[in-house]
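Below: one structure, written as C-alpha cells.
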Amino acid sequence: MSPKVKSASNGYCRVCSARISSFMSFGRMPIANGFLRPDGTENEYFFELAPAFCEACGMFQLLEQPDPQKMFHEQYAFYSSTSRYMQAHFEAFADAAINTVLAGRDNPFVVELGSNDGIMLRHFKERGVRHLGIEPSANVADVARTQGISTISAFFDRRLANEIATDQGSADAILAANVMCHIADLPGVAAGVQRLLKADGVFVFEDPYLGDMITKTSYDQIYDEHVFIFSATSVQRAFARFGLELVDVMPQITHGGSMRYTLAPRGSREVSKKVNEQLAKETTLGLDLAETYVQFKANCENSRAALMQTLERLRSQQKRVVGYGATSKSTTVINYCGITPAHLEFISDTTPIKQGRLSPGAHIPVKAYDEFTKSYPDYALLFAWNHAAEIREKETGFVGAGGRWIVYVPEVAIVS
Ligand code: DWN
Ligand code: ZN
C-alpha cells in the first residue's frame with residue numbers, strides 16, 4: 001500500500017469506482033489503537049466512522065479511513081502473539097502452506113504481507129524456508145527481526161513487489177492474515193500480488209468475514225483499520241481484474257468468524273466446489289442486498305441500547321465493572337455506545353504498551369492484568385470476545401469468586 005493513497009473514497013467504491021454512500025454512521029471515532037498517555041489527550045484525532053456497501057461489486061467498506069501513518073507506526077499497539085490460540089492458529093496456517101502449496105518445490109519463497117511480530121513466519125524460518133515479511137509498523141517488525149525473521153518495514157504495493165521479484169525472485173506463496181482488510185488501495189496491492197506471484201503460485205489471505213459480522217451483529221469489527229469487510233463474492237470480483245481467481249474458501253473461527261481465501265493466476269488451478277457453495281450461501285444470507293444493511297443498522301442500535309441499559313443498571317447498583325481486553329474493536333463499542341469511566345473502572349490488558357494509557361476517545365484507564373486478578377470486579381465486559389474460549393478457560397478464579405461476564409456478541413447477556 002502506498003502511504004500517498006487518498007484515504008477518503010470521496011463517495012466512490014475503492015474497488016470498482018461505482019458511486020457509494022454510507023448506510024449508517026457510528027459517529028465521531030478516534031484511532032482504534034490510539035491509546036493515549038494521560039498527559040497527551042489534547043488534539044486527539046477523530047474522524048467519522050461510516051460504512052458503505054457497494055451494490056455494484058458487493059464490497060463493504062468505510063467511506064473515510066484515516067491516513068495509514070496515523071494507524072500503523074513505530075508505536076503500533078497490537079502484537080499478534082498476545083493470544084495462545086492465535087499462536088497455534090498461525091502454526092497450523094504455516095503447516096498447511098508447507099504441506100500443500102510448498103511441498104515438493106525447489107527452494108520455495110514465501111512472502112507475508114503485514115507479518116506483525118513474526119507470529120506466522122517464524123514457522124517458515126524454523127524449517128529453513130526462504131521467507132520475507134513486509135510490516136509497516138516498525139516496532140512490531142523489530143520484534144520479528146530480533147528473532148531472525150527476515151522482515152522489511154514498508155507498505156506493500158506494485159513498486160515494492162517489483163523490487164522484491166527482481167532482487168529475490170517471484171513468490172511461491174504470498175500470505176496475509178488480518179491485513180488485506182486494512183489496505184485502502186486494494187487494487188494497488190492486487191497489482192503487486194499479480195507482479196510478485198509465480199505463475200503456479202498461490203495467494204492465501206484471511207480476514208474477518210462479512211457473513212459472520214452481519215449474522216452476529218459484531219459491528220465492532222468496523223473501525224479505522226478495517227477499511228473493508230470481505231465476503232467471497234466481493235473478493236472474487238475484486239481480484240478477477242488482476243487475473244487472480246478465487247479457487248478455495250475456508251471458514252475460520254478466529255476473530256469471531258473469519259474466512260481464508262485462496263487465489264491463483266486464472267486457470268492455473270482447479271476451483272473448489274466450496275467456492276460456489278459459499279457464493280450461494282452469501283446470496284441466501286442477502287449479503288448483496290441493501291436492505292440487509294438497513295437491518296444491520298437497526299440491530300446495532302438495539303445492541304447499543306441493551307448494552308447501555310445493562311451498564312446503567314449496574315452503575316445504579318454500584319457494582320464494580322471493568323473491561324477485559326483493550327481491543328481495537330472496543331474503541332468502536334465504547335465510543336458508539338457512549339461508555340465512560342463512570343461505567344467502567346478500567347480495562348485490563350496484557351499488552352505492556354497499552355498499560356498506563358487511556359482508551360481512545362472515552363479515556364478509560366487501561367491497566368495491567370494484575371489489577372484484574374488482585375481484586376476481582378463484580379462484572380467484566382468482555383471486549384476480547386473473539387478469544388472467549390481461551391479467556392474463560394483461564395478465568396475460572398474470577399467466576400469462582402462470583403464474577404460475571406457481560407457479553408454483547410451475538411446478543412447482550414450476562415453469563416458466568
Ligand atoms: O485486524 C486486527 C486484529 C487481527 O487484531 C487488527 N486491526 C488489530 C487487532 O484487533 P483487536 O485489537 O480487536 O484484536 P484482539 O486479538 O481481539 O485483541 C485482544 C486484546 O486483548 C489484546 O490487547 C490482548 C488482550 N488480551 C488480554 O488482555 N488477555 C487478550 C487475551 C487473549 C487475554 O487473555
Ligand atoms: Zn464497488
Side-chain angles (χ1 to χ4, degrees), residues 9 11-20 31-35 52-61 65 68 71-72 76-90 114 116-117 119-120 137 140 176-183 186-187 205-208 218 220-230 233-234 237-238 241 252 254-256 258 288 322-334 346-355 357 359-360 366-373 380 382-395 398 409:
S9 73
Y12 294 95
C13 172
R14 297 166 196 277
V15 175
C16 78
S17 302
R19 198 100 207 138
I20 51 169
I31 298 292
N33 271 306
F35 294 91
F53 173 72
C54 175
E55 290 185 57
C57 74
M59 189 61 80
F60 186 102
Q61 57 200 285
Q65 188 192 35
M71 301 179 288
F72 310 111
Y76 187 54
F78 181 72
Y79 289 77
S80 290
S81 298
T82 44
S83 152
R84 254 188 325 110
Y85 275 40
M86 291 311 291
Q87 290 181 22
H89 173 76
F90 286 119
N116 200 280
D117 56 11
I119 188 168
M120 175 146 67
S137 298
V140 288
N178 305 308
V179 168
M180 292 302 295
C181 71
H182 295 66
I183 306 177
L186 187 73
F205 73 90
E206 61 184 38
D207 278 298
S218 47
D220 55 354
Q221 292 294 358
I222 302 170
Y223 53 89
D224 55 359
E225 296 179 19
H226 289 180
V227 65
F228 298 115
I229 306 286
F230 296 127
T233 308
S234 63
R237 292 179 186 161
R241 268 204 298 141
Q252 307 289 320
T254 50
H255 289 293
S258 297
D288 53 342
V322 308
Y324 194 104
T327 57
S328 321
K329 298 181 288 293
S330 70
T331 296
T332 296
V333 177
I334 290 169
F346 64 90
I347 306 172
S348 160
D349 198 285
T350 51
T351 317
I353 198 172
K354 297 181 185 177
Q355 297 162 0
R357 303 243 179 157
S359 76
V366 180
K367 296 194 176 173
Y369 175 58
D370 285 0
E371 298 289 325
F372 176 74
T373 49
L382 187 55
F383 287 129
W385 58 270
N386 46 309
H387 301 295
E390 175 172 356
I391 291 170
R392 291 175 69 177
E393 196 180 293
K394 78 177 172 200
E395 297 301 354
F398 166 58
V409 176

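Order of appearance sets the numbers: ligands from 1, and atoms from 1 within every ligand. One is the number of the first residue; the rest follow in order along the sequence. Keep in mind that this is a model prediction, so the values were computed, not measured.
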Beyond-backbone contact of Thr327 with His387, side-chain heavy atoms, under 4.5 angstrom: no

Tyr369 six-ring face occupied by Lys394 cation (under 6.0 Å, within 45°): yes

Gln221 (side chain) donor-acceptor with His255 (main chain) under 3.5 angstrom: yes

Backbone or side-chain N or O of His255 under 3.5 Å from ligand 1 N or O: no

Option among Gln61, Met59, Glu206 that satisfies the side-chain contact (heavy atoms from CB on, under 4.5 Å) test with Phe230: Met59

Criterion side-chain contact (heavy atoms from CB on, under 4.5 Å) on Ile347 and Ser359, from CA distance to verdict: CA-CA 8 Å; Ile347 306 172; Ser359 76; 4.1 Å; yes

Pick from Asn386, Thr327, Thr351: the one approaching atom 18 (O) of ligand 1 most closely through a non-hydrogen atom: Thr327

Atom pair NZ (Lys354) and CG (Asn33), whose distance is rounded to the nearest 0.5 Å: 5.0 Å

Contact partition for Glu225 relative to ligand 1, non-hydrogen atoms under 4.0 Å: side chain

Under 4.0 Å to a heavy atom of Lys354 - the qualifying atoms of ligand 1, by number: 22 (C), 23 (O)

SG (Cys13) - the Zn ion (ligand 2) - SG (Cys57) angle, nearest 10°: 110°

Sub-4.0 Å atoms of ligand 1 with respect to non-hydrogen atoms of Gly325: 21 (O)

Winner among Glu390, Lys394, His387, His182 once heavy atoms are compared against atom 33 (C) of ligand 1: Lys394

Spacing of Asp224 atom CG and Ser328 atom OG [to the nearest 0.5 Å]: 8.0 Å

The one among Asn33, Asn116, Thr350 that brings a heavy atom closest to atom 26 (N) of ligand 1: Thr350

Phe372, Phe398, Trp385 screened by ring pair (Phe, Tyr, Trp, His ring centres under 6.0 Å) with Tyr324, the one that passes: Phe372

Atom indices of ligand 1 within 4.0 angstrom of Ile391 heavy atoms, with elements: 34 (O)

Donor-acceptor pair, side chain of Gln355 and main chain of Asp349, under 3.5 angstrom: yes

Test item, Phe383 contacting ligand 1 (heavy atom, 4.0 angstrom): no

Ligand 1 versus Tyr369: contacting region, heavy-atom distance under 4.0 Å: neither

Metal-centred angle, SG of Cys54 through the Zn ion (ligand 2) to SG of Cys16, rounded to 10 degrees: 100°

Sub-4.0 Å heavy-atom approach of Met86 to ligand 1: no

